[in-house]
2 protein chains.
Amino acid sequence: MAERTGEEKARLRVFREGSLDQGREEAWRALITAHAAAVERIERGLLEAGLPPLGWYDVLLELSAAPGCRLRMHELARAVVLSRSGLSRLVDRLEKAGLLRREPDPEDGRGSFAVLTNEGSRMRERMWPVYAKGIAEHFGAHVSDEEAAVLCRALGRVRDAARGS
Amino acid sequence: MAERTGEEKARLRVFREGSLDQGREEAWRALITAHAAAVERIERGLLEAGLPPLGWYDVLLELSAAPGCRLRMHELARAVVLSRSGLSRLVDRLEKAGLLRREPDPEDGRGSFAVLTNEGSRMRERMWPVYAKGIAEHFGAHVSDEEAAVLCRALGRVRDAARGS
DNA sequence: GTAAACTAGTTGCATATGCAACAATATCGC
DNA sequence: GCGATATTGTTGCATATGCAACTAGTTTAC
């Protein structure tokens, strides 16, 4: 492929400028494709089991881990990495399904809490085995203990930096 | 948090059943949140530079790396991890923007190629510096050389397994 | 104390995406 | 050969999501 040598040179130049070496570019591409492919499989598992999609689980998990099973909308949006409007609609759907309810914040008239209902808690418990099976099958099975530890640390730093905390 | 001990026990039970230990679950959660947060930042960078979104870059990159700058629709869908219908619409948009064109496959009357245009090639070159800067800033800067190598290997396996190849 | 600036959440609009159904073509079994 | 089956790509429909604009409430500056 002689026509790519010029292109390759251009790439290498940009790598230096942007401090992005080839190893990191490949790692990034592996990250986005692995994520897309694994999520697609796991979503399919949930769908086939007649369960709600992944995004619902994330919300239910964050709420059940929060003190009083409640979070302010903006905290929840941050936790699940969604825009405020996206979260507002997602909470609409969960509320309509009875899995959570909105409650005004008595200390801040602008804000409201999303509060997990018992039904939401039960749904999370129903979803978890299917989700866990998907993670184990499409992710865990291909990653060693040591690799999992490295992923956790490195991606934890990426997450914290990008989320701004 | 006394109310969570029972829940924790239930979790541990499921971990054993599904062969999913806590390290791998945490690694998975780090993966999805880091991905979401970093992609969000990078997309914002592209948007602010008046450039098309990430998905467009992926298509342009796959085409430019392919022999003859052309791929069958289903190959492209697989490469960028999108459903056939999703890809069909994405190619619609790129074609309308003049960045690629469809061509019938003379060897298979059902199929068609997506072929990169010169304009598409130029657009990819325009997008790359901004994209590379985003990757370097929101991903590369937080990952060591060794971690990048581990990510590449481990996530490469996850990708190949989930994509079925 | 009050006006200005900020923050929280929702909504209109545009865009993105998957599933199911479909039409066109190819391949397999025989 | 030829009918049954499978594959390719597109479309109708439903759902999901972000930005910008908006309302309502809070905080800051003076």
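Here is the naming used below: chain letters follow the sequence lines, and residue numbers restart at 1 for every chain.
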| query | Using a heavy-atom cut-off of 4.0 Å to chain A, what are the terminal contacting nucleotides of DNA chain D, in 5' to 3' order? | reply | D:dA16 to D:dT26
| query | Transitively linked via ILVMFWY side-chain contacts under 4.5 Å: B:Ile42 with B:Leu51? | reply | yes
| note | Taken to the nearest 0.5 Å, the spacing of B:Lys133 NZ from B:Trp128 CH2 works out to 13.5 Å
| Of A:Gly111 and A:Gly86, whose nearest nucleotide on DNA chain C comes first from the 5' end? | A:Gly111
| request: Please indicate whether A:Arg126 has more than 12 foreign heavy atoms, meaning atoms of other residues, nucleotides or ligands, lying under 6.0 Å from its CZ. | output: no
| task | Establish, from distance only, whether the side-chain atoms of A:Ser144 and A:Glu146 form a donor-acceptor pair under 3.5 Å. | result | yes
| request: Let me know which of A:Arg101, A:Arg102, A:Arg89 forms a salt bridge (charged side-chain N to carboxylate O under 4.0 Å, His left out) with A:Glu95. | output: A:Arg102
| Whole-Å distance between C:dT10 C1' and A:Leu87 CG? | 11 Å
| Considering only heavy atoms and no angle criterion, is a donor-acceptor pair shorter than 3.5 Å present between the side chain of A:Arg110 and the base of C:dG9? | no
| field | Neighbours of DNA chain C within residues 93-106 of chain A, by heavy-atom distance under 4.0 Å | value | A:Arg102
| Of B:Met73 and A:Pro53, whose nearest nucleotide on DNA chain D comes first from the 5' end? | B:Met73
| request: Name the residue closer to the 5' end of DNA chain C, choosing between A:Asp92 and A:Leu47 according to the nucleotide with the nearest heavy atom. | output: A:Asp92
| Can you tell me how far the OG1 atom of A:Thr117 sits from the CG atom of A:Leu63, to the nearest 0.5 Å? | 9.5 Å
| message | If you define the side chain from C-beta out and look only at heavy atoms, does anything of B:Asp105 sit under 4.5 Å from B:Ser112? | response | no
| query | Given C:dG9, is OP1 or OP2 found less than 4.0 Å from the side-chain N or O atoms of A:Arg72? | reply | yes
| query | Going by distance alone, is a donor N or O of one side chain under 3.5 Å from an acceptor N or O of the other, for B:Ser64 and B:Arg124? | reply | yes
